[in-house]
There are 2 protein chains.
Amino acid sequence: MAARDYGQYSGLARAVELVGERWALLIVRDLLTGPRRYGELAAGLPRIPTNILAARLKELQAAGILRRAPRSRVIVYELTPFGRGLEPVVLALGAWGLQAMGDPRDEQIVTPASMAIDLRTAFREDVAAGLPATSYSARIDSADLFIRVDGRLLDVGGGTGRADLAFAAGPALLRIVSGDLAPRTAIETGAVALLHGDAALLDRFATTFRLAA
Amino acid sequence: MAARDYGQYSGLARAVELVGERWALLIVRDLLTGPRRYGELAAGLPRIPTNILAARLKELQAAGILRRAPRSRVIVYELTPFGRGLEPVVLALGAWGLQAMGDPRDEQIVTPASMAIDLRTAFREDVAAGLPATSYSARIDSADLFIRVDGRLLDVGGGTGRADLAFAAGPALLRIVSGDLAPRTAIETGAVALLHGDAALLDRFATTFRLAA
DNA sequence: CCGCATCCTGGAGGATACTG
DNA sequence: CAGTATCCTCCAGGATGCGG
């Protein structure tokens, strides 16, 4: 069951033995936003073969990273405290990867869980601390995300609600975060469609969530 | 040349597409401590197939993570600024992995590059700031490491020199860092052999390099 | 000898069908 | 819905060859 060995006695080698297999870190990321059922995980991981998902879940469970937990007649997968220790890793890797995003291709999707982590990655709490509390309702590729910023606190979750600014966007939202796309341009080109609220709030959004140089 | 796609438009997915392949992060780690030649990389990566090393180097070069640079008639591989951006990732992963180190097996080796990163991972600069400047000369598995701690500054490099404390140790040195092994016990069991200097300095070492809870 | 390229084999990854 | 079983593809692993 143990992953293949790298023949090195070091922290990094051990880490990649545990979570270096394909899909593993993406599964961990999706679980960072809360427990998930098998089908939810499969839906968030486009085209992952179901046998691979099952195998990864077993391996990650054997490694003590996640556990199967019964929740009122259904099984959910949730991270253990050890697995939650991967949060800095996921955020650091995500921040690095955001610098190298190419143009989104048609087949590439954005899931609530992935966008939630990307936003947490790019969240600048020092900037947010100087701004009034703001809530955003974002419809990303037919999935709803509710984002609440209050001082240094960030809360990103699914679902909808009454927000200061509501907008719909595709993958291009990440290009705003990575600094490749100006909010005004995004609105003009239709990459972001405002549903209600002041357009200036999208500038605030872009200021709050912006990858550090 | 691009690695296989995860079908997601997110920072993490992009990152694992670039450095998620087997051996890739270990190569990056070794290059974090300085440029290396092909043979040096191969020596530090136990049993990596040479064709895999060549393939990874090409992929990482194509991704803009490293570059081949001629250095006085020989080729060395060095990280680009973009590749050096992976340092927080490597440190975070290493810190997490250090919590899950099992007992070292005979076939597992410790290289200067891996130990250097592990020490940087576990370096507690707040603690070091309150201690006098200290230098350590460590012989790890027939490789020499010179460690200089001065206030919040840490310098780890190869080679030897006149140090306040000189000792020889095997992989067990990491067990001290991860808190599984007390310095006194290490000396008593012979896991660490003092060459010269005060044994109390090994306590200081263990205090300076200790994985945070 | 160093720095790869080539060849071959075994096992992991990928797509699909199937079952409790 | 939550996986298991099956088949096939492809990459990693290992040995070897070869040019500078």
note: A:L53, atom CG; C:dG13, atom C1'; distance rounded to Å ~ 13 Å

Begin with the C-alpha distance, continue with both residues' side-chain angles, and end with the deciding distance and a verdict on ring pair (Phe, Tyr, Trp, His ring centres under 6.0 Å) for B:F146 and B:Y136.
CA-CA 6 Å; B:F146 195 79; B:Y136 308 89; 9.2 Å; no

Between B:R47 (CZ) and D:dA15 (P), how many Å, whole number?
11 Å

Provide, to the nearest angstrom, the distance between the OH atom belonging to A:Y77 and the C1' atom belonging to D:dA2.
8 Å

Just the rounded figure in Å: distance from P of D:dA12 to CD1 of B:I48.
10 Å

Pick the nucleotide of DNA chain D nearest each of A:N51 and A:V74; which residue has the one closer to the 5' end?
A:V74

Give the ring-plane orientation class for B:Y38 versus B:Y77, where under 30° counts as parallel, over 60° as perpendicular and anything between as tilted.
tilted

Figure out the CD1/P separation between A:I52 and D:dA2, and round it to whole Å.
19 Å

If you check every side-chain atom of A:R68, which of C:dG13, D:dG3, C:dC4 has the closest atom?
D:dG3

Would A:R210 count as a cation-pi partner of A:F205, with NZ or CZ less than 6.0 Å from the six-membered ring centre and within 45° of the ring normal?
no

Check every atom of C:dG3, D:dT16, D:dG3 against the side chain of A:T50 and return the nucleotide holding the closest atom.
D:dG3

To the nearest Å, how far apart are A:R22 CZ and C:dG14 C1'?
9 Å

What is the separation between atom CG on B:L57 and atom C1' on C:dC4, rounded to the nearest whole Å?
10 Å

Would you say a side-chain N or O of A:K58 is under 4.0 Å from OP1 or OP2 of D:dA2?
no

Donor-acceptor contact present, side-chain B:T121 to main-chain B:I117, <3.5 Å:
yes

Rounded distance in Å - CG (B:L45) to P (D:dG13):
11 Å

Contact under 4.0 Å: B:R4 side-chain N or O vs C:dG14 OP1/OP2:
yes

